[in-house]
Structure formats: C-alpha cells, structure tokens
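When a ligand or atom number is given, it counts from 1 through the structure's own listing order.
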Amino acid sequence: MSFKFGYVALIGKPNVGKSTLMNWIVGQKVSIVSNKPQTTRRRVIGIAQSDDYQIAFVDTPGIHEPHTRLGRAMVESARGALSDVDLILYVADVSHKPNDEDREIARLLKQSPIKCPILVCLNKMDRLKAEFVVQNVDEYCSLLNCNDYMLTAAIRGNNVDKILDMILERLPEGEPVYGPDDFTDQSSRFMTAELVREKILIATRQEIPHATAVSIDDWQEPESGTLRISASIYVEKQSQRAILIGKQGQFVKNVGTLARAEIEALLGRPVFLELYVKVRADWRMNPRMLHEMEYLE
Ligand SMILES: Nc1nc2c(ncn2[C@@H]2O[C@H](COP(=O)(O)OP(=O)(O)OP(=O)(O)O)[C@@H](O)[C@H]2O)c(=O)[nH]1
Ligand SMILES: [Mg+2]
C-alpha cells in the first residue's frame, strides 16, 4: 500500500465529542475536553500517524449562534477549516435528534463550494436508546444527504478504529508533511494555558467557563531543572474572581495542582506554576485581548 496523507476537518455543534475523537485517534491529549459547550476556541491540528499514513485532523470550535466577538471568531475559525481539507468529518451527538443548529451546519456544508467528501460520525452511541437508533441515524444521514456514517463512542474508543478505516479509504496518496514525532501544531505555551483552562472548565458552572481565559505571562526555561511558568486567569467580574480564588486561595491552588501534573507530563520536566486571577470586563468583546489570547487569527 502506498503512503496516504490528508487534512480532515472535524465539524459539528459544540459538545458533541470532536476533540475527544481526535485525541483518541492521535493517542494524545491534543485538544482540551470538558462537558461544557464551546470548550475548543480555535483551530487545532492533531496528527495521527503510522508507517502507512499521516492524517492531520483539524479540530474546530463547535458551530453555534455567536453572541460575543469571541463567539464570532470561533465560528469563523470553524468555517475557515472547510477550505483546503481532503475530507470533512461531521460529528454529531446521535443520542439527540438533529435540531436547528444541526440543520444550519448541514446548510453550511451543502452551500460550501468545496467539494471534498463528507463522512458522518454519529458519536455518543453509548447514550443512544435502542428504540431511537434507526430514526436518529436516518435523520442525520438525510440531513446531510450522506450515507457514509459510523456510530461511535469516542469516550471509550468504540468503533473509532472503524471510522479511522473509513477516513483512510477516502484520503489521497501523498508524502508526509509533518515530522515523525509531531502530534500537534500548537506551541507548548498555548497547550499549557489550555490545560489550566481545562481544569477551570471542569470545576466551574454557568457563566464562568465561558468568561474564563488563560494567558502565559512568563516562561523561564533553564537548560535543566525546573521550568518556571507564570500565567494569568482572566474573568469578567469580581464575583467570578472570588469564586476562582476560593476560600484561602484553595480553588486556584487545586486548579494549579491538577494542571501542573499534566503540564509536567507534556513537557517532560518539573514545572513551577504560578497563577494569578484577574478581572478584565468584557474581554470577550475586545479584539486586542482576543489577539493576545491567540483566539483571533
Ligand atoms: N457519553 C459519551 N460522552 C462523550 C463521548 N464523546 C465525548 N463525550 C463527552 O462529551 C463532552 C464534550 O466532549 P468534547 O470532545 O469536548 O466535545 P467537542 O465537540 O470538542 O466540544 P466543543 O469543543 O465545545 O465544540 C465531554 O464531557 C466528553 O467526555 C461519547 O462517545 N459518549
Ligand atoms: Mg472541542
């Protein structure tokens, strides 16, 4: 078999499991994952490879009706992934029927001038009740005019090998573009900020997940020994800051402990992580802040 290379865009609503699926196939936490919608905020490449192929997955923010400048940038970023890819993997939560957001995405995909193949990944099949299987599968497939689908449970890797085979069948032959050890296009700094944000998303509710951003302020990397990282956590209100700090600073301390363990594993060395919680009213509306956070291209 000759070598295959291709770009595959993961497109769908927020919270359907796009990042979970990509991480499983790549075999690394490339994108952060949480049970809060709109976890992924910009395009992230995850590279899956073997002796026979290299697949560059383009994970995207979930497509939704945006209410902030950040939301608009996220949806633009997802739409931007539709051009220059070899395959679109439309990911949906099959345990629910398609709604208006799915219909909007289907319209977007059908209107799109790019004519690459579309594969439908019906995820969260572990939550799909037997009596709805036929109906829900049928509704998603007819929405996209596409019978190339696979039911998956990315959280446990069920059928992920099968969807990988379907992806490979549809990819062109080509030379590898990335190095044999590459698994993402993100910088260590960005991934570090994301890991801190993930711990906050998992531990908070309501507006806080959406109102939180993390940026790296200082990164001291001696040739050996401990790496010293200082980061700011931005929220939009004093009340949110108080929650993130917690009683005697316990909340942010826990966030730091959980994030540090993963950052150390990622960077392969000891890390000293300092976190500061700051208020920036309406940062989600502020293009300069969005640039600083690397959410605007
Ligand atoms: N039950 C179940 N949960 C899943 C499955 N796949 C992902 N999840 C969960 O669904 C939630 C959302 O997963 P993500 O991978 O962050 O979803 P996403 O589509 O990338 O979301 P955005 O980045 O917000 O667009 C997380 O809590 C996952 O653990 C699955 O197959 N079954
Ligand atoms: Mg995601």
Side-chain angles (χ1 to χ4, degrees), residues 8-46 57-68 70-82 88-96 98-99 101-102 104-105 108 120-129 132-133 136-137 140 149-164 184-186 190-191 193-195 197-205 207-214 262 284 293 295:
V8 178
L10 292 152
I11 299 286
K13 277 191 308 197
N15 209 38
V16 295
K18 300 179 293 298
S19 300
T20 306
L21 178 71
M22 179 177 78
N23 289 347
W24 187 282
I25 298 180
V26 173
Q28 285 258 8
K29 189 195 275 181
V30 178
S31 277
I32 61 165
V33 164
S34 89
N35 60 353
K36 310 299 185 300
Q38 298 168 34
T39 293
T40 304
R41 286 183 175 163
R42 59 168 232 188
R43 282 198 298 264
V44 161
I45 288 187
F57 286 96
V58 187
D59 189 17
T60 66
I63 295 179
H64 63 285
E65 179 74 49
H67 300 294
T68 62
L70 170 64
R72 281 216 316 274
M74 287 162 60
V75 174
E76 278 163 24
S77 164
R79 294 172 72 127
L82 295 175
I88 292 169
L89 195 59
Y90 171 74
V91 186
D93 175 352
V94 73
S95 69
H96 291 96
N99 65 6
E101 275 183 319
D102 290 289
E104 191 52 44
I105 298 172
L108 177 75
V120 181
C121 176
L122 299 174
N123 194 37
K124 304 202 185 184
M125 71 173 197
D126 53 307
R127 292 223 183 129
L128 174 60
K129 295 207 176 76
F132 294 119
V133 175
N136 286 13
V137 168
Y140 279 106
Y149 75 90
M150 179 55 64
L151 286 154
T152 60
I155 201 164
R156 292 196 237 116
N158 292 344
N159 283 354
V160 171
D161 53 339
K162 296 198 179 117
I163 197 131
L164 179 60
T184 187
D185 65 336
Q186 301 169 95
F190 186 79
M191 289 182 88
E194 286 288 87
L195 286 169
R197 193 165 67 84
E198 182 189 65
K199 302 308 163 208
I200 298 168
L201 293 190
I202 291 168
T204 56
R205 290 183 300 137
E207 257 308 286
I208 294 182
H210 301 295
T212 300
V214 178
E262 285 196 37
R284 282 182 283 176
M293 309 290 175
Y295 295 146

Is there at least one pair of N or O atoms, one from Thr39 and one from ligand 1, spaced under 3.5 Å apart?
-> yes
Would you indicate whether the side-chain heavy atoms of His210 and Leu70 approach each other to under 4.5 Å?
-> no
For atom 26 (C) of ligand 1, which protein heavy atom lies nearest, and how many Å away is it?
-> Ser34 O, 3.4 Å
Nearest non-hydrogen protein atom to atom 32 (N) of ligand 1, with distance, is Asp126 OD1, 2.8 Å
For ligand 1, is there an N or O atom under 3.5 Å from any N or O atom of Val16?
-> yes
Which is closest to atom 31 (O) of ligand 1 by heavy-atom distance: Ser31, Ala154, Pro14, Cys121?
-> Ala154
So which heavy atom in the protein is nearest atom 13 (O) of ligand 1, and how far is it from that ligand atom?
-> Thr20 OG1, 3.5 Å
Does Gly62 reach ligand 1 with a nitrogen or oxygen that is under 3.5 Å from one of the ligand's nitrogen or oxygen atoms?
-> yes
Would you please say whether a donor-acceptor pair under 3.5 Å links the side chains of Thr40 and Ser19?
-> yes
Exam field: side chain Asp102 to backbone Asn99, donor-acceptor pair closer than 3.5 Å | yes
Heavy-atom donor-acceptor pair, Tyr295 side chain to Gly71 backbone, under 3.5 Å | no
Ligand 1 atoms in contact with Ala153 (distance to a heavy atom under 4.0 Å) | 31 (O)
Tell me which part of Val33 gets within contact of ligand 1: side chain, backbone, both or neither, using heavy atoms under 4.0 Å.
-> both
Any donor-acceptor pair under 3.5 Å linking the side chain of Lys18 with the backbone of Leu10?
-> no
Looking only at protein heavy atoms, identify the closest one to atom 22 (P) of ligand 1 and say how far it is in Å.
-> Asn15 N, 3.5 Å
Side-chain donor/acceptor of Glu198 to backbone N/O of Val33, under 3.5 Å = yes
Ligand 1 contact by Gly12, heavy-atom criterion under 4.0 angstrom = no
Nearest non-hydrogen protein atom, atom 6 (N) of ligand 1 | Asn123 ND2, 3.2 Å
Using 4.0 Å as the upper bound for N to carboxylate O, is an ion pair formed by Glu76 and Arg79?
-> no
Can you tell if the side chain of Ile63 reaches within under 4.5 Å of the side chain of Glu104, non-hydrogen atoms only?
-> no
Taking only heavy atoms of Pro37 into account, list the atoms of ligand 1 that are under 4.0 Å away from them.
-> 24 (O)
Below 4.5 Å, heavy atoms only, C-beta onward: do Glu194 and Val44 meet side chain to side chain?
-> no
Protein contact of atom 17 (O) of ligand 1 - nearest heavy atom, named by residue and atom, plus distance | Gly17 N, 3.1 Å
To the nearest 10°, what's the angle at the Mg ion (ligand 2) between atoms OG (Ser19) and OG1 (Thr40)?
-> 90°
Does ligand 1 have a heavy atom under 4.0 Å from the side chain of Asn35, from its backbone, from both, or from neither?
-> both
Min side-chain heavy-atom separation Asn15-Lys124 under 4.5 Å = yes
Can you find a pair of side-chain heavy atoms, one from Pro37 and one from His64, that are under 4.5 Å apart?
-> no
Ligand 1 versus Gln38: contacting region, heavy-atom distance under 4.0 Å = backbone
Arg127 heavy atoms within 4.0 Å reach ligand 1 at atoms 1 (N)
Just need the protein heavy atom nearest to atom 10 (O) of ligand 1, so name the residue and atom and give the distance.
-> Lys124 NZ, 3.1 Å
Can you tell me which residue and heavy atom of the protein come closest to atom 29 (O) of ligand 1, and the distance to 0.1 Å?
-> Ile155 CD1, 3.5 Å
Can you find a heavy atom in the side chain of Leu89 that is under 4.5 Å from one in the side chain of Leu21?
-> yes
Donor-acceptor contact present, side-chain Thr152 to main-chain Asn158, <3.5 Å = no
Ligand 1 versus Ser19: contacting region, heavy-atom distance under 4.0 Å | both
